[in-house]
There are 2 protein chains.
Amino acid sequence: MGRPTINDVATAAGVSKGAVSFALNGRPGISPDTRRRILETAEQLGWAPSPRARALSVSKALAVGLVIARPPEILRADAFFPSFIAGLEAALSPRGHALLLQVAEQADHPAYRRLVQEGRVDGVFVTDLRVDDARPALLEELGLPAVLIGPELGEQPRERQSGLGVDDAPGIRAAVEHLIALGHRDIAHVAGPLEMVHGRSRRRAWSQTLADAGLPEGTCVEADFSAESGARAMGVLLDQAVPPTAVVFANDLMAMAGLSLALARGVSVPGDLSVTGFDDVEISAHLQPSLTSVHTDVVAWGRAAATRLLQLIDLEEPTPADLPAARLVVRSSTGPTPRR
Amino acid sequence: MGRPTINDVATAAGVSKGAVSFALNGRPGISPDTRRRILETAEQLGWAPSPRARALSVSKALAVGLVIARPPEILRADAFFPSFIAGLEAALSPRGHALLLQVAEQADHPAYRRLVQEGRVDGVFVTDLRVDDARPALLEELGLPAVLIGPELGEQPRERQSGLGVDDAPGIRAAVEHLIALGHRDIAHVAGPLEMVHGRSRRRAWSQTLADAGLPEGTCVEADFSAESGARAMGVLLDQAVPPTAVVFANDLMAMAGLSLALARGVSVPGDLSVTGFDDVEISAHLQPSLTSVHTDVVAWGRAAATRLLQLIDLEEPTPADLPAARLVVRSSTGPTPRR
DNA sequence: CATCGGAACTAAACCGGTTTAGTCGGTCGG
DNA sequence: CCGACCGACTAAACCGGTTTAGTTCCGATG
């Protein structure tokens, strides 16, 4: 005797199972009286429709997928996914959809194919987009609704796809402008991988802001978002004949590592050098010196992404998401230009 | 014309659908010849059985659940879940099981009930166990197989449950012994919440190690694993009449924040004070000074947990998991006792 | 040579819902 | 007073697999 089924309810209420289904789904053809009686017996028996059976007959999975396409080592220190997932869940579970996770190697096409072929999901989220990423085209070909998450999504709107712009440019712009206001003229950038859209868009925002201010473009070192690479990049910058007076990092992890390297080499922060990060991870506020960073509301992104995907699946008109803007959090790793 | 079904394969191969099912599942009653032919046509048609239909008929979900019971803010900085999930996935997907995620409020019983009632999962992972956690009992009552993850699990073995001991005591022990070897005699501890099993077990390991070495128990400050609380705890310790010469933190986040607070107060690390963490998050190695910490292989835990859960579900005999031991990584936040 | 047993399949029931095609009783219009 | 129509509901098909109960055909056995 496991859980009750629709048949148990039907028998108990003295109707056919079709009637129960109608009553449950609020379809016409059932008198208010009967409907109430059915719902009551269902309640009483503690019956809830089985998503399994339902999924089979409506040919839907009632689940959406998030394919995390990063090697575990990088995943390890990631601040993005936990919050993002929390946001997704917040929007999904009230609507009866489950979140299916899959961890795959970088841009692992078979992973998506499998997800589709097995029909486990009705749609997917695509993160960590790369320049010329093949996944949007693949998903379109597979006919799987998708929400693409990232800045500067190409304009080509595909069938059943929607881009959710998490525009990080204003955050970087704010950081650069903050440094300019402090008197800095030689502002370097440590970028994420430039084949990733968020690596590239942050870099572009940095150089654009400098250009807009009439300043010469500073040095840009490409790194890979890891602490290790951040420290290496800082090493390169410090080894220059004329090191920059400020460095804008594309994320906090690199910024913290870079900042520490500078300290280790006897460079005072913010005395000799100002540093900014991006993401505003928890520890940033508690370091010595604390890190000026750009705070983004990742949970809200997740919520918005999930809402959008469900709309796509149900063929509804997508409502424009208004995401909270990224905001600069000024702390003690930035200060006035040193006198030379 | 969507994906092919078992019927298409049966027709194409000129057999009944039962035969196809038998062939696919390697059951007896099909001649090697026919079996080969069936599998070939299936291959050719690009057919894979639909988990939906299969789940319905075998009354299994072919999915397992991970309920993350932490408020999003804490989740934010978490280093554990991403890696753990990667490990889970590594063991689950080859066996055709999906990972369902649910984010719930602290020990949200309805979340588990729902998961069971809807029959979406065949088993769950339970993390962040608390002392006197009600969830194991609840899950047993619901008849849902579960793997409990954490140190010092109660001995009461429940029906269809299995504890996966991620014993963090040796790691803490190694840290304390390392400090003792450096000459420290006054070693404090900043603990996680003592109502959480991993908060408590780490604390116990610290005090036990001191006792074993014949040293008096140092001060223990209870915190909550957050950076904020780590800094506060360090403040308390430094305000003591005779501050400790070394502090063992229950995780890296608190350790980093505590260490930074000490620096901010002009305390030299490791000159005046030694500090150790736990988790060995990526940034730990790159701070200034770099953090001595205990490294654990979370991905391996995840793999082991998933393997164990699948065994539980299939009523197999659980194989003892041999998890890689935690190991101390000595860096520059620990040093000899200062001369007083 | 009739019979029994087993291997190789097929037909049909089943999982638990949704959905379509009817059935039935009553009302309304002509 | 009869037929059309409608609302309320039932019966049965269907989703795509698994599984059980037969059915056939074959060789071996007494």
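So you know, we letter chains A, B, ... as the sequences are listed, proteins then strands, and number each from 1.
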Please give, in whole Å, the distance from [N] [atom2] to [X] [atom1]?
| X | N | atom1 | atom2 | answer |
| --- | --- | --- | --- | --- |
| A:R120 | D:dG17 | CZ | C1' | 14 Å |
| B:R37 | C:dA8 | CZ | C1' | 12 Å |
| B:R36 | C:dA8 | CZ | C1' | 16 Å |
| B:R35 | C:dA7 | CZ | C1' | 12 Å |
| A:F22 | C:dT18 | CZ | P | 10 Å |
| B:I6 | C:dC9 | CD1 | C1' | 14 Å |
| B:N7 | C:dA11 | CG | C1' | 13 Å |
| A:L62 | C:dT18 | CG | P | 10 Å |

Nearest to the [X] side chain among [options], which nucleotide is it?
| X | options | answer |
| --- | --- | --- |
| A:S31 | C:dG16, D:dC9, D:dT18 | D:dC9 |
| A:W47 | C:dT20, C:dC9, C:dG17 | C:dG17 |
| B:S57 | C:dG17, C:dC15, D:dT19 | C:dC15 |
| B:K17 | D:dA8, D:dC15, C:dA13 | C:dA13 |
| B:V15 | C:dC9, C:dT10, C:dG16 | C:dT10 |
| B:L56 | C:dC15, C:dT10, C:dA8 | C:dC15 |
| B:N25 | C:dT19, D:dG16, D:dT18 | D:dT18 |
| B:T5 | C:dA8, C:dG16, D:dG17 | D:dG17 |
| A:V58 | C:dT18, D:dT10, D:dG16 | C:dT18 |

**Asked** Is it true that B:R135 and B:D128 have a side-chain N and a carboxylate O under 4.0 angstrom from each other?
**Response**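 Not counted as a salt bridge, because no side-chain N and carboxylate O are separated by less than 4.0 Å.
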**Item:** Lys/Arg-Asp/Glu bridge criterion (N-O < 4.0 Å) met for A:R303, A:D297
**Value:**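 Salt bridge flag = no for A:D297 with A:R303.
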**Asked** Should the pair B:F84 and B:F80 be assigned to parallel (<30°), tilted (30 to 60°) or perpendicular (>60°) ring geometry?
**Response**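 Rings of B:F84 and B:F80: parallel, as their planes differ by under 30°.
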**Prompt:** More than 12 non-hydrogen atoms from neighbouring residues, nucleotides or ligands closer than 6.0 Å to CG on A:N25, yes or no?
**Reply:**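 Enclosed: over 12 neighbouring heavy atoms sit under 6.0 Å from CG of A:N25.
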**Prompt:** What is the minimum heavy-atom distance between B:H97 and B:V64, and which atoms define it?
**Reply:**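 Residues B:H97 and B:V64, closest heavy atoms: ND1-CG1, 4.2 Å.
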**Prompt:** Phosphate oxygens OP1/OP2 of C:dT18: is one of them under 4.0 Å from a side-chain N or O of A:R54?
**Reply:**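 True: A:R54 side-chain N/O within range (under 4.0 Å) of C:dT18 OP1/OP2.
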How would you label the contact of [X] with the nucleic acid (heavy atoms, under 4.0 Å): base, sugar-phosphate, or nothing?
| X | answer |
| --- | --- |
| B:I30 | sugar-phosphate |
| A:S59 | nothing |
| B:S21 | base |
| B:R27 | sugar-phosphate |

**Message:** If we count only N and O atoms by modelled type, under 3.5 Å, do the side chains of A:Q311 and A:T319 hold a donor and an acceptor together?
**Reply:**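 A donor-acceptor contact under 3.5 Å links the two side chains.
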**Prompt:** Which sits closer to the 5' end of DNA chain C, B:G14 or A:A19, going by the nucleotide each is nearest to?
**Reply:**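 Residue closer to the 5' terminus by nearest nucleotide: B:G14.
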